[in-house]
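Throughout, numbering of the chain's residues begins at 1 and tracks the sequence.
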Amino acid sequence: MKRFLFTLASAFALFLASSCVSAAVVEHTFNIGNLTVSRLCNQRVITAVNGSLPGPTINVEEGDTLVVHAINDSPYNITLHWHGIFQLLSAWADGPESVTQCPIRPGERYTYKYNITGQEGTLWWHSHSSFLRSTVYGALIIRPRKGNTYPFPSFYQEIPLLIGEWWNANVVDVENDAQETGLGPVESDAYTINGLPGDSYNCSQNQTYQVQVKHGKTYLLRIINAALNEQHFFMIANHTFTVVAIDASYTKPYNTDVIVLAPGQTVDALMTANQTRASYYMVFTPYHSNPNVGINANITRGLLVYHNATSASPVMPSLPPQTDTPTVHKFYTNITGLGYGPHWVPVPRHVDEHMFVTFGIGLDHCNETGPNACNGLNFRLSANMNNESFVLPKGLSMMEAMYRNVSGVYTRDFPSNPPFEFNYTDPALETNGTDIAFAPKSTKVKTLRFNSTVQVVLQNTAILARENHPIHLHSFNFHVLAQGFGNYDANVDESKFNLNNPQIRNTIAVPVGGWAVIRFQANNPGMWLMHCHLETHLPWGLAMAFEVENGPEPWKLPPPPADLPQC
């Protein structure tokens, strides 16, 4: 009880301090509408914010209140999510469609308002409605409040780098076609850096992102993986990095020549321009965790050009193989948190809720009719967590049902363990696992007591395909206690837990054919989604939600805002 009261008092004091001291109100208007752009020899109409791709960069300081007026002039329903923001006592601003709000319909508007508390670094915002995330996204940069400094050496300039994904098609049609056939969507046609595909693509010589640097200066790269479906390696020829933050959480400085990011993740890294004055390619190349699963295997590249460069031919880095799982695992596991640095949160030692969550690809029965229904097969692709394939409700958002105590929208029986044990990562399941690949469709949540500490073992399965899956938790950061390959074994793997300075994230790339253990404190009332951040997998059902109960005043879910969209 003393631990509960101390934690609660500390959290409320932090919230009050962030709301009242040296804080500003930062206000934006996001006009969401059609934009005609030319890429890869084609003209296409996309959905974009304020006529730009990527959308506007939001700059705030820790403690500020952000207000974004979203005006939907596009032809599609849409919501906006502020990826990684805690949303303390502002759950109605989180944004996932049908979870915390109904969509903003064409011609309507909604104002997102929230305080940014106890967070510094690089986050981002994006649509949380269908494949519109491919063009509706942008950076959200949180700097220390005035008078505070970064816990790493000073730098000359910041360089935001957003990796995106591009289709030569209407992305809503891409998703609808995939739903009709029951198969995966067609692969994207290109990756982009800050909206530009780079000179390795047709008609793109003049659509290559370029940044000029001065010799001897140090730059802070703010790298965001905004791609829909692929993890990426990132390199700059002949240059090295010092990672100083991930997912807006400071890290112990980590030196590397390659950075790895899953969709949804961010990395802040220092880079010193200490090479010969020339031009160097900066390159994103996809990580292909399962060679048997088709992906867009193209790269995208931009240019790092020194002031007064003498060489006209850019230097290309020596890229790792796209199947280089050891390099990926080394990067993900060697990073540790900056213990007792700014906004550091120690690992809670007492655990109230233990969960073991298996997840992966599965199958569902085909109930569609028509010439293209399920591609002529009697099944369609699906996905699940603990053998429950998540379905977003219709008619009322889950959180409004929670607030108004409306039954029939969701049930509170998401299982804390899989229904039966098996060899989760057996390679034979990729070809012989169809007998356990079918999971029922449901909208189930796990109810958590306010301020309870939750430990989740995230266990990948090999059913149909072994892949590295990025899992994102809304509202909460979590400590990554350990990661590994094969089946998690508490008798062996608990000894590997880092309880002193583990990395802190909001999105974890669970190793291919492996597991990760995360721990978080459920200190914010509301309905919070946990899902795979591969855009194909959420519609298939690779998700669940946590319903966090109200706590003592003031930790209660506030009333919905007057302009909350209605279904």
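- The minimum heavy-atom distance between M316 and V283, with the atom names listed, is CE-CG2, 3.8 Å.
- For the side chain to side chain contact (heavy atoms under 4.5 Å, CB included) with S127, the qualifying choice from I78, V49, I32 is I78, the only one to do so.
- No side-chain heavy atom of M385 sits under 4.5 Å from any side-chain heavy atom of F390.
- At most 12 non-hydrogen atoms from other residues, nucleotides or ligands lie less than 6.0 angstrom from CZ of R109.
- Here the closest heavy-atom approach between residue T461 and residue G360 is recorded as OG1-CA, 3.9 Å.
- Heavy-atom minimum distance, I471 versus L542: CD1-CD2, 4.2 Å.
- Between Y306 and Y280, the ring centre distance stays below 6.0 Å.
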Intermediate values then yes/no, side-chain hydrogen bond (donor to acceptor under 3.5 Å, both in side chains), H288 and T323: CA-CA 5 Å; H288 200 176; T323 56; over 6 Å; no
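- A side-chain donor from one of N290 and E430 sits under 3.5 Å from a side-chain acceptor of the other.
- Side chains of E108 and N72 form no contact here, defined as non-hydrogen atoms less than 4.5 Å apart.
- No donor-acceptor distance shorter than 3.5 angstrom exists from the side chain of S38 to the backbone of Q43, with no hydrogens or angles considered.
- Taken to the nearest 0.5 Å, the CE atom of M398 stands 8.0 Å off from the CG atom of L392.
- Between Y410 and S442, the side chains place no donor N or O within less than 3.5 Å of an acceptor N or O (distance only, hydrogens not considered).
- Taking the six-membered ring for Trp, F359 and H537 have ring centres at least 6.0 Å apart.
- A pairwise comparison of heavy atoms in P470 and T507 identifies CB-CG2, 4.1 Å as the closest pair.
- The shortest side-chain heavy-atom distance between I259 and F233 does not fall under the 4.5 Å cut-off.
- More than 12 non-hydrogen atoms from other residues, nucleotides or ligands lie less than 6.0 angstrom from NZ of K441.
- Checked by atom type and distance alone, the side chain of E400 never pairs as donor or acceptor with a backbone atom of S397 at under 3.5 Å.
- At distances below 3.5 Å, not a single donor-acceptor pair connects side-chain atoms of Y110 with backbone N or O atoms of T79.
- The backbone N or O of I46 lies less than 3.5 Å from no partner atom in the side chain of T135, so there is not a single donor-acceptor pair.
- The number of heavy atoms from other shown groups lying within 6.0 Å of CG (N202) does not exceed 12.
- Partner of H128 under the ring-ring contact (aromatic ring centres under 6.0 Å, His included) criterion, chosen from H531, H83, H472: H531.
- For the atom pair CH2 of W124 and CG of L140, the computed distance is 11.5 Å after rounding to the nearest 0.5 Å.
- Looking only at distances, a side-chain donor or acceptor of N50 sits under 3.5 Å from a matching main-chain atom of T29.
- V243 has its side chain within reach of F331: a pair of non-hydrogen atoms, C-beta onward, lies under 4.5 Å apart.
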Derivation and outcome, side-chain hydrogen bond (donor to acceptor under 3.5 Å, both in side chains), residues E97 and N77: CA-CA 9 Å; E97 181 175 335; N77 292 344; 5.1 Å; no
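- Side chain of S90 to main chain of Y114: no donor-acceptor pair is present (N/O by atom type, distance under 3.5 Å, no hydrogens or angles).
- The aromatic rings of W82 and Y112 stand perpendicular to each other, their planes meeting at an angle above 60°, with 30° marking the opposite boundary.
- Side-chain atoms of T208 never come within 3.5 Å of backbone atoms of N206 as a donor-acceptor pair (strictly under, hydrogens ignored).
- Panel note: side chain S204, backbone Q207; no donor-acceptor pair is recorded below 3.5 Å.
- In this structure the side chain of R222 reaches within 4.5 angstrom of the side chain of E158, judged on heavy atoms.
- Panel note: side chain R380, backbone Q179; a donor-acceptor pair is recorded below 3.5 Å.
- Considering all non-hydrogen atoms of both residues, W540 and S389 come closest at O-OG, 3.0 Å.
- Aromatic pair F284/F234: ring centres closer than 6.0 Å.
- Note that CG of L319 and CD1 of I299 are 6.0 Å apart. Values are rounded to the nearest 0.5 Å.
- Taking each heavy atom of W528 and A91 in turn, the nearest pair found is CH2-CB, 3.4 Å.
- N59 and R143 share a donor-acceptor pair across their side chains, judged by distance under 3.5 Å alone.
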